[in-house]
Amino acid sequence: MESIFATTFTQTTFLSPLWPPSNEVSIIANFSHFSFSGRKFAAPFSLKVQKQLAIGHSNGQAINSAKCSATLSDTLSQTSTLADIDWDNLGFGFLPTDYMYVMKCARGESFSKGELKRYGNIEMSPAAGILNYGQGLFEGLKAYRTQDGNIVLFRPEENALRMRAGAERMCMAAPTVEQFLEAVKETVLANERWIPPTGKGSLYIRPLLMGSGSVLGIAPAPEYTFLIYASPVGNYFKEGLAPINLVIETDFHRASPGGTGGVKTIGNYAAVLKAHTAAKAQGYSDVLYLDCVHKKYLEEVSSCNVFVVKDNVISTPAIKGTILPGITRKSIIDIARSLGFEVVEQLVSVDQLLSADEVFCTGTAVVVSPVGSITHKGERTSFGDGKVGRVAQQLHTALTRLQMGIAEDNMDWIVKLK
Ligand code: COI
């Protein structure tokens, strides 16, 4: 252990958000970076205790006794022993994990080498492109712990490709597919102890791409940062798999033709907050957006895509630049077709929606979420008597069995990490 420390040369200050639970005293630890099995880690180098202000996190989810460790061997064992949290009550709140991945590159150049760092705050110029002009993208994917002890990812190369497409739209440098996949794998394995036990949730992986260089006039930032952090999650909606209640938004729009609705830029999500907050205050689960030209065709829900079922036909709004091309959306279309449903990607009107047999949403965070009611201009239409629809249930089961490694991966969608 001594010799490893002796060969290290970089040190980072880490303010532990995990300890102590009293929120009155925090640990400042210096970490030295080292390599192990080809992966880079940061190990506690020295510790000192000092008074600090509390660091808020975790959306009310309790961390029982996650500890900041003082030895290299403890740090390594942290990666395999399950974190001590309440795995039965995971929601979709942020829980910080041990490591994040960071890689930078200058405008006009290519990303080359990134590294794992202890999770913590990042420093950025107040003039950074992302802070001033919203030059940023994010992704979302999940890692699962399977029954037979594997750790698996679901279609991560699709996220890499989508980030590259978004980067092109936003004039940003982007990691290659290989760099993206390697970074995701390293982040997941370094945070292994935060992957929920099988059936209790997943590790949500959040890759960010940011214009991190300073810029004052409108221009692409001179530097880009690719960063991945992760958080264990359970259900996105508090309803779980129970049907959600949506309201159709008629005043605000999420996207417009020629805009950025079809890429995962951060601004798309800031733009929905006003309608989303108002809808939540009125007891709705989320907002369904309409096209901004005719104001009668469905686009998507704030955080997910929407599907409408009538007899054996499943319809979903076609991808035409204003709708996010969801990876779960794409997967559900393939699964539904393989199960014998006819799936059509087309314009779906509000009238078609309100006369449907069943409605459901799909997304990485929401998985497959049945819709129990839709309120449009004050009138509420209910679906399925408060029960989960037959088609949504069938598709949810088929998808989650695949994602959790229970069903055979005939589609070649699963990437095994262990
Ligand atoms: C996801 O489903 O992964 C998303 O990115 C949606 C986000 C609003 C949670």
Side-chain angles (χ1 to χ4, degrees), residues 58-59 61 90-95 134 136-144 153-167 170 180 184 187-188 195-196 201-210 226-241 244 246 249 252 254-255 260-277 279-280 284-289 299-307 316 319 322-333 360-371 395-396 399-400 403 413:
S58 93
N59 207 17
Q61 292 169 329
L90 285 176
F92 201 84
F94 173 61
L95 269 178
L137 293 162
F138 75 93
E139 275 298 328
L141 66 160
K142 286 174 170 172
Y144 301 85
L153 299 170
F154 185 69
R155 310 189 77 176
E157 66 287 351
E158 293 289 333
N159 296 86
L161 290 167
R162 191 168 64 182
M163 178 168 268
R164 286 186 65 78
M170 303 292 288
F180 183 102
V184 167
T187 310
V188 170
I195 306 174
S202 57
L203 185 71
Y204 186 80
I205 304 149
R206 175 52 66 85
L208 297 173
L209 185 61
M210 305 175 273
F226 175 65
L227 186 153
I228 307 181
Y229 68 90
S231 176
V233 296
N235 292 322
Y236 183 78
F237 290 118
K238 68 173 174 20
E239 290 85 349
L241 187 58
I244 57 170
L246 298 179
E249 175 57 52
F252 296 115
R254 181 190 165 274
T260 56
V263 297
K264 219 162 166 58
T265 183
I266 56 172
N268 290 345
Y269 295 81
V272 302
L273 291 176
K274 191 170 172 72
H276 187 262
T277 306
K280 292 284 239 192
Y284 298 109
S285 321
D286 212 328
V287 175
L288 174 55
Y289 290 91
E299 295 255 293
E300 65 179 77
V301 177
S302 317
S303 53
C304 45
N305 297 114
V306 64
F307 287 75
T316 192
I319 300 294
T322 54
I323 293 165
L324 191 80
I327 295 159
T328 311
R329 173 190 181 278
K330 180 170 166 175
S331 308
I332 283 295
I333 291 173
F360 62 88
C361 296
T362 66
T364 299
V366 312
V367 191
V368 175
S369 190
V371 175
L395 294 172
H396 180 274
L399 176 70
T400 52
Q403 290 175 326
W413 285 346

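Remember, it's 1-based here, ligands and their atoms both numbered in the order they're listed.
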**Message:** Only heavy atoms of Phe138, strictly under 4.0 Å: list the atoms of ligand 1 that pass.
**Reply:** 5 (O)
**Request:** Could you walk me through whether Thr316 and Asn305 pass the side chain to side chain donor-acceptor pair (under 3.5 Å) test, one step at a time?
**Result:** CA-CA 8 Å; Thr316 192; Asn305 297 114; over 6 Å; no
**Message:** Do Ile266 and Met210 make a side-chain contact, defined as non-hydrogen atoms from C-beta onward lying under 4.5 Å apart?
**Reply:** no
**Prompt:** Just by modelled atom types, is the Leu137 backbone N or O under 3.5 Å from a matching donor or acceptor in the Thr265 side chain?
**Reply:** no
**Side chains of Lys264 and Met163 in contact at under 4.5 Å (non-hydrogen atoms)** = no
**Request:** Locate the shortest heavy-atom distance separating Phe92 from Gly234; write the atom from each residue and the value.
**Result:** CD1-O, 4.2 Å
**Prompt:** Nearest protein heavy-atom contact for atom 7 (C) of ligand 1: which residue, which atom, what distance?
**Reply:** Arg206 NH2, 4.0 Å
**Message:** Any nitrogen or oxygen of Tyr236 lying under 3.5 Å from a nitrogen or oxygen in ligand 1? Just yes or no.
**Reply:** no
**Prompt:** Does an N or O from Lys264, backbone or side chain, lie closer than 3.5 Å to an N or O of ligand 1?
**Reply:** yes
**Identity of the nearest option to atom 8 (C) of ligand 1, non-hydrogen atoms only, from Ala365, Gly326, Ser303, Cys304** = Ser303
**Request:** Could you check whether the rings of Phe307 and Phe360 sit parallel, tilted or perpendicular, using 30° and 60° as the cut-offs?
**Result:** parallel
**Message:** Taking 4.0 angstrom as the limit and counting only heavy atoms of Thr364, give me the atoms of ligand 1 inside it, by number and element.
**Reply:** 1 (C), 2 (O), 3 (O)
**Complete:** Numbered in order shown, the ligand 1 atoms found under 4.0 Å of a heavy atom of Tyr204 are 1 (C), 3 (O), 4 (C), 5 (O)
**Asked** Would you say Glu139 contacts ligand 1, with heavy atoms under 4.0 Å as the rule?
**Response** no
